[in-house]
Amino acid sequence: MVEADLRQRIEQLRKEIQEHNYRYHVLDTPIISDAQFDALMRELVELETRHPELVTPDSPTQRVGAAPAEGFAEVVHPIPMISLGNVFDNEELRAWHRRVQQRLEMESFDLVCELKIDGLAVALTYEQGRFVRGATRGDGLRGEDVTANLRTIRSIPLTVSVAGVPERLEVRGEVYFPKSGFKKLNEERIAAGEPPYANPRNTAAGSLRQLDPRITASRPLNVYLYALGYAEDGAIPSTQWDALARFREMGFRTNPANALCHSLEEVQGFYRRWLEEKEALDFGVDGVVVKVNRFNYQQHLGTVGREPRWAIAYKFPATQQVTRLINIGVNVGRTGTLNPYAILEPVNVGGATVKMATLHNEDDIRRKDLRIGDWVVVERAGEVIPQVVAPMTARRTGEEREFKMPERCPACGEPVVRPPGEAATYCVNTACPAQFARLLVHFVSRGAMDVEGMGEKLALALIDAGLVKDVADIYSLTREQLLGLKEKIARVISGVQKEVAARHQLSNAQMQVVKRLTDEALLDKAEAETICARYDLTLERLMSLKGAVDGVLVETVKTAGVAETIEWESILTLEKLAAKSVDNLMAAIAASKQRPLTSVVYALGIRHVGYETAQMLVRHFGSLPKLMRASDEELANIPGIGPKIAESIVSHFRREANQRVVERLEEVGVPMEEAATPREGRATVLAGMQIVVTGRLAGMSRSQAEDRIKELGGSAGSSVTKKTAYLVVGEDAGSKLAQAEKLGVPILDEQQFLQLLETGKGP
DNA sequence: GATCCTCGAGTTCT
DNA sequence: CTCGAGGATC
């Protein structure tokens, strides 16, 4: 890097860090995540380490934070409350350990592992055994006096009266808001029509900084103590591990998970264990703090800048992040429901980049008080499905817009309906193309007709190209038709390229750009920028080329006789159809004619008729024509089927288009009767037992396990209730485990489950 | 009419 | 995984 560039980068980093520091510490409304902040800080530290001559006294690396907020008395920490360096992977952890080894000139030494609780650090001062002052960390040098509020936390002893307590003693710890209490508080707020709080950490900070301690007292705050600030006139332990033990003797709450490790491998084990199990804890944990155990070693290692060399925070990948809600889009589901979803500024949450999340329905958006343009907290529910938790209301500028459900279907433009008492808004147009697209995807999905090789993309492309107009049409597709289409598409693409080149007189290099543009359906910002940089184009020029390509495509598609209009996505999908995959697809379509009747009924996509209900219907009627002729009353008399489902079935088959689909399926050879099923001999081992399977099993998939349970006469539930006989737990079990523990449902591991399948008896 | 349970439908990313 | 709604039950 050139010297001038370097200076500029350092300046820029300092300015950004200062800004974020202020937002975090003073305003309490950060706009970037901790991980993002850490990244900035790390870059600055690295640049300054390599170029010490550029370090200035006012650099954020030279002091621990920013000024404390007003409103509370200031407390100067006699010993600064340091912060910790962070590592994010095993590699970096080992590097830290090697550095410690070198400085200590020692191979092996004990380390203490503690869970890094996501709360806020406090210092508690005791004089002659009496709690006299409690302060927040603030900027590390000066914090706020929040003694009155801390007194309301019942796990903080107001007096310590064991022998040998130092005259003056300061212990440090982390105050947090328990997850359960946080959930309850938010439920109450929602019930009272107030917006929920974004996350426990900010709420803990807010609670502790209430000017009225009675408000603090109403919050279930708690604390874990983990460090000795200082001690005068008293026996001082010689290791961190002993200090923790001593804390407990004195009546301080320490975290039971803390562990003494004799090697780095043990530390890694501790990290892995809690990475898996942290969700079950009642407090947020964002990593593991690793400390050199012996205090004299700590002293020898010392501190560099703001961080001690003898401790490090080994962070978990963040599962919660703050990002921008760019817009709210609306999808149309198979049943016509309008489903709003969040379009987010891409952000890495727990190792995956999230840019979309469902928002369920209008009421949910209102309840959470989300507005377009808000900064929002995003997490991955159960570590998988992204979810928008809450807006950061304090970050609002007034530019945010409220979301309104469109009055017309975004796909077909027909007016939408929201039935009174229901949360969903529907497009009631039976000919809505979006609904049909979803129906086709459902029809070919696993569990339904199970056409392997036909995923969402291909299904949509076939509709787009005009080859499929109703679900039965997939049975009249031919190999020649598909290959012919692919050829036409290829000609269209090369035609578009030539035409654009001719009209705009492009150079060879620019032709490359056009090729790129006909390679990808959508350009996101990052991709567009890469292309511009590579071919030395302005963004405007690129966009005008893109416009030209799209324009010419529309004309060409029409003249080539492919379809009236077609999406880029579809073109690219069809272009990739090779002869071999067409063969496979034809075979899969043919094979799908042999699916059991239950799957066929399910595939029809009747509202309120999922797989379970389809099974009940097939068991009762045994034939599709009989089901079609069934009356309202007959249907409603079947256990498990009430008036609503009955009505839905009758009105589905009353529609002529739906009757035709069934006729055509029959014509192509889809069975309309259920093949007689021989009863299994030993089908009673699990009779009447309701068993739930959760997590990943080693020997079989979850659905296989559920099939086995059903074969043996049991039922496989999807949620744990008090009627559940057993919960079978695999790897990475989620919330169901906690639920089972709460209800006292017996828990089986895979081994015990297999035994249950054999004998019908649990351990 | 309230409460529990089960099912359906929509969902994200690698 | 989550929410909503249908059905069963008291």
Side-chain angles (χ1 to χ4, degrees), chain A residues 183 187 190 279 317 319 321 329-344 346-368 378-389 418-426 434-435 437-439 441-442 445 447-448 455-456 601-617 635-649 690-696 702 706 715-724 732-739 743 745:
Chain A
K183 211 175 145 205
E187 279 162 9
I190 286 166
E279 289 312 310
T319 54
Q321 287 283 20
V330 176
N331 273 329
V332 182
R334 167 164 67 85
T335 53
T337 47
L338 267 57
N339 308 115
Y341 61 94
I343 301 166
L344 303 162
V347 63
N348 191 304
V349 189
T353 307
V354 171
K355 47 190 173 199
M356 260 191 237
T358 177
L359 296 174
H360 298 111
N361 57 55
E362 208 178 353
D363 290 353
D364 215 39
I365 296 173
R366 194 128 310 138
R367 207 164 27 225
K368 287 179 180 160
V378 176
E379 70 177 18
R380 299 219 288 157
E383 313 284 271
V384 185
I385 312 276
Q387 208 184 359
V388 176
V389 181
R418 178 163 174 186
E422 280 195 44
T425 304
Y426 295 90
Q435 288 181 52
R438 293 301 183 93
L439 174 64
V441 170
H442 167 76
S445 69
E456 187 166 345
V601 172
Y602 171 60
L604 294 176
I606 305 166
R607 172 126 66 120
H608 298 140
V609 180
Y611 195 87
E612 299 288 331
T613 309
Q615 207 162 41
M616 287 190 280
L617 291 170
L635 285 163
N637 275 331
I638 302 170
I641 293 177
K644 299 275 173 88
I645 297 180
E647 207 284 322
S648 167
I649 295 168
Q690 209 251 62
I691 298 165
V692 178
V693 186
T694 188
R696 199 159 20 84
R702 192 155 58 214
E706 286 166 356
S715 70
S718 58
S719 61
V720 178
T721 66
K722 38 183 197 202
K723 284 190 192 160
T724 308
D732 293 332
S735 59
K736 284 182 190 134
L737 181 56
Q739 176 74 4
L743 296 174
V745 170

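Hydrogens, waters and symmetry mates play no part in the numbers below; they use all other heavy atoms, side chains included. All chains are named by letter (A, B, ...) in the order of the sequence lines, taking the proteins before the strands, and each is independently numbered beginning at 1.
- The side chain of A:Thr613 places no N or O atom within less than 4.0 Å of a non-bridging phosphate oxygen (OP1 or OP2) of C:dG6.
- With sequence neighbours left out, the salt bridge (charged side-chain N to carboxylate O under 4.0 Å, His left out) criterion links A:Arg418 to A:Glu362, A:Asp363.
- The separation between A:Arg607 atom CZ and B:dG10 atom P is 10 Å, rounded to whole Å.
- Pairing each heavy atom of A:Leu338 with each of A:Pro340, the nearest pair is O-CD, 3.4 Å.
- Residue A:Asp363 contributes atom CG, which lies 11 Å from atom C1' of C:dC3 at whole-angstrom precision.
- Distance OH (A:Tyr341) to C1' (B:dT12): 13 Å, rounded to an integer number of Å.
- If you measure from atom CD of A:Glu456 to atom C1' of B:dT12, you get 12 Å, rounded to the nearest angstrom.
- By the salt bridge (charged side-chain N to carboxylate O under 4.0 Å, His left out) test, A:Glu422 is found to be paired with no residue, residues two or more places apart in sequence or in another chain being considered.
- A:Asn361 comes within 4.0 angstrom of sugar-phosphate atoms only, judged by non-hydrogen atoms across all strands, and of no base.
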What pairs of nitrogen or oxygen atoms, one from the protein and one from nucleotides 1-6 of chain B, lie under 3.5 Å apart?
from  : atom 1 : to       : atom 2 : distance (Å)
B:dT6 : OP1    : A:Gln690 : NE2    : 2.9

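- Regarding A:Met356, its CE atom lies at a distance of 16 Å from the P atom of B:dG10, rounded to whole Å.
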Verdict with reasoning, A:Asn331 to A:Arg438, per side chain to side chain contact (heavy atoms under 4.5 Å, CB included) = CA-CA 10 Å; A:Asn331 273 329; A:Arg438 293 301 183 93; 4.0 Å; yes
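- For A:Ala614, the side-chain contact (heavy atoms from CB on, under 4.5 Å) test picks out A:Thr598, A:Val601, A:Tyr602, A:Val609, with sequence neighbours left out.
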Anything under 3.5 Å between a donor and an acceptor, one on a side chain of residues 637-648 of chain A, the other on a protein residue two or more places apart or in another chain? List them.
from     : atom 1 : to       : atom 2 : distance (Å)
A:Asn637 : ND2    : A:Glu633 : O      : 3.3
A:Ser648 : OG     : A:Arg607 : O      : 2.6

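- At whole-Å resolution of the value, CG in A:Leu359 and P in C:dC3 are 12 Å apart.
- Atoms CG (A:Asn331) and C1' (B:dA9) sit 13 Å apart, rounded to a whole Å.
- Between A:His608 atom NE2 and C:dA5 atom P there is a gap of 9 Å when expressed in whole angstrom units.
- Considering only side-chain N and O atoms, A:Thr353 lies nowhere under 4.0 angstrom from the phosphate OP1 or OP2 of B:dC13.
- Contacts with DNA chain B (heavy atom under 4.0 Å) in residues 641-649 of chain A: none are found.
- Between atom CE of residue A:Met356 and atom CG of residue A:Leu344 there is a gap of 9.0 Å, rounded to the nearest 0.5 Å.
- Comparing atom distances between the A:Lys355 side chain and each of C:dA5, C:dA8, B:dC13 picks out B:dC13 as nearest.
- Residues satisfying the ring pair (Phe, Tyr, Trp, His ring centres under 6.0 Å) test with A:His608, not counting sequence neighbours, are none.
- Taking CD1 of A:Ile365 as the reference point, atom CG of A:Leu359 lies at 4.5 Å (rounded to 0.5 Å).
- Mapping A:Val354 and A:Thr337 onto DNA chain B by nearest heavy atom places A:Thr337 at the nucleotide closer to the 5' end.
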